[in-house]
2 protein chains.
Amino acid sequence: MNQPDNPPVKSRLPADQRRKAIVDAAVQLFAQNGFRGTTTRQIAHAVGVTEPVLYMHFETKRDLYSAMIESISSGTPLASCDPICHHTGDDAVFTSIASGILRWHVEDPTRIRLLLFSALEGHELSDLFYQGHIVPFMKTLAAYIERRIEDGAFRRVDAYNAARAFCGMIAQFGQSLTVFRTPCPEDSRKEVVHQMVAIFLNGMRKPEDTRE
Amino acid sequence: MNQPDNPPVKSRLPADQRRKAIVDAAVQLFAQNGFRGTTTRQIAHAVGVTEPVLYMHFETKRDLYSAMIESISSGTPLASCDPICHHTGDDAVFTSIASGILRWHVEDPTRIRLLLFSALEGHELSDLFYQGHIVPFMKTLAAYIERRIEDGAFRRVDAYNAARAFCGMIAQFGQSLTVFRTPCPEDSRKEVVHQMVAIFLNGMRKPEDTRE
DNA sequence: ACGCTAGGATAGCATGCGCTAAGTTGCGGT
DNA sequence: ACCGCAACTTAGCGCATGCTATCCTAGCGT
């Protein structure tokens, strides 16, 4: 009578696996509906168990949220420092960074949605992610820009502001694609990235006749 | 007994004034907590009346939300086309636009919060605002950039992508200030805007020796 | 073969939600 | 002065929520 409708599923899982399954389901639902918009029943149903099972692993709904935050936060970083390390020319570096940021957004919109939801709802992912991922990367990028300024390749501007400008225009584009669902075909995106990188690099490079 | 605690307030308002008061309170609460995170009781309490009063003016909570959307949507636009019309040099134009966008964000974070919440929660403000404000402005800005390209002042790039890049970096900065609460002193903001405008304009201007 | 325990289901509590029926009162018009 | 109505309140319905007390059972070790 209480037979599940999909019969050949292993009904009982060891604690750690079940816990992981719960967190995974929670990620999707919290990203889609936010903390307040997601019910514990929804999560339980998505996992294929009943509510009390959630409470065997997490004391409260918020504890589950926090655990999910941690899971997300330890996942794919927004931007990788790799392109900076394997430096093969500014164009390659910044194109690679931009592609990475954009991929982070569109490949799985779950992440940006979760980040925005938690920032708006005042949860801790905001800070955890911002301080843990964004700021460190921005500092690395700023350091790279600083180096290029010292090289004489870039104009003398505040490196962190320049990094902010670059990441900002890419991130905003990624956000408009995922959160605001602006339509934009795949290859057109590459073109946008290409042009943004071009504008930025042109803006950073030293003009022939300096004029203030 | 049911006397309100602030005595010299005219307790009864004509329908249109009460309606406006409700919408105003709803704006603040929906911006702070989202649609699902805001209760009709909260709104009623903020207005200083009881719940049924809300339902004298709006059939459902969602209707109130829609009315509030309309109210916000007919308010201050994200960006004004004025600086483009009163064109007094690229630097002045883009600095003015950037300041306007940033002001729209920080002057009253209610707006950006509402926009993001409604996009995430899948309400209609997203499209209403995006199609009604952002897209038209972007097109105007793109047209201006196009003109400057024809003038020979800017490099040949897709004008809309350039507009996206410019607005994106400013908007993302505004978002980080308001939504993610990144600390940044007032005069430091001006500096950020200044540098972003400089990077963008430098990137757009034709280099002396064109090289592809 | 079978007991023990970890993994799970049933049922339900207390609270708060959106919303409403019905009654009450301040206030402008005559 | 007082009537009528618009503005507002009281009380509460039905339902969903977060969470829990209680019981059940699959499946492993022996």
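To find a chain, count down the sequence lines: A is the first, B the second, and so on, and within it residues start at 1.
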- Which listed nucleotide (C:dA9, C:dG7, D:dG27) is nearest to the side chain of A:Met56? C:dG7

- Query: How long is the line joining CZ of B:Arg41 and P of C:dT20, in whole Å?
  - Reply: 13 Å

- Rounded to the nearest angstrom, tell me the gap between atom CD1 in A:Ile22 and atom C1' in D:dG18. 15 Å

- Between atom CG in B:Leu54 and atom P in C:dT20, what is the gap in whole Å? 12 Å

- Query: How do A:His57 and B:Tyr55 order along DNA chain C: which one's closest nucleotide is nearer the 5' end?
  - Reply: A:His57

- Message: What is the separation between atom CD on B:Glu59 and atom P on C:dT20, rounded to the nearest whole Å?
- Response: 8 Å

- Query: Closest to the A:Arg12 side chain: C:dC19, D:dC8, C:dA6?
  - Reply: C:dA6

- Identify which nucleotide among C:dA21, D:dA7, C:dG18 has an atom closest to any side-chain atom of B:Ala15, counting heavy atoms from C-beta outward. D:dA7

- Any B:Thr50 side-chain nitrogen or oxygen under 4.0 Å from OP1 or OP2 of D:dC8: no

- Message: Could you tell me if B:Tyr55 and B:Asp63 have a donor-acceptor pair between their side chains, going purely by distance under 3.5 Å?
- Response: no

- Message: Tell me the interatomic distance from B:Phe35, atom CZ, to C:dC17, atom C1', rounded to whole angstroms.
- Response: 12 Å

- Query: About how many Å separate CG of B:Leu54 and CD1 of B:Ile43, when rounded to the nearest 0.5 Å?
  - Reply: 6.0 Å

- Query: Is B:Thr39 touching bases, backbone alone, or none of the nucleic acid, heavy atoms closer than 4.0 Å?
  - Reply: sugar-phosphate

- Message: Heavy atoms only, 4.0 Å cut-off, all strands: where does B:Pro14 land among base, sugar-phosphate and nothing?
- Response: sugar-phosphate

- Do you see a donor-acceptor pair shorter than 3.5 Å between the side chains of B:Gln32 and B:Gln28? no

- Message: I want to confirm an ordering. Mapping B:Gly48 and A:Arg36 to their closest nucleotides on DNA chain D, which one lands closer to the 5' end?
- Response: B:Gly48

- Item | Selected nucleotide, minimal atom distance to B:Thr60 side chain, candidates C:dC19, C:dG8, C:dA21 | C:dC19

- Message: Under 4.0 Å, counting only non-hydrogen atoms across every strand here, what does B:Val53 touch: a base, just sugar-phosphate, or nothing?
- Response: base

- Query: When the distance from CG of A:Leu13 to C1' of C:dA9 is rounded to whole Å, what number comes out?
  - Reply: 15 Å

- Let me know the distance between CD of B:Glu51 and P of C:dA22, rounded to the nearest Å. 19 Å

- Spacing between A:Arg18 atom CZ and C:dT5 atom P, to the nearest angstrom: 22 Å

- Query: Is atom CD of B:Glu59 surrounded by more than 12 heavy atoms (other residues, nucleotides or ligands) closer than 6.0 Å?
  - Reply: no

- Message: For A:Phe35, does the six-membered ring have the charged nitrogen or CZ of A:Arg62 within the cation-pi criterion, i.e. under 6.0 angstrom from the centroid and within 45° of the normal?
- Response: yes

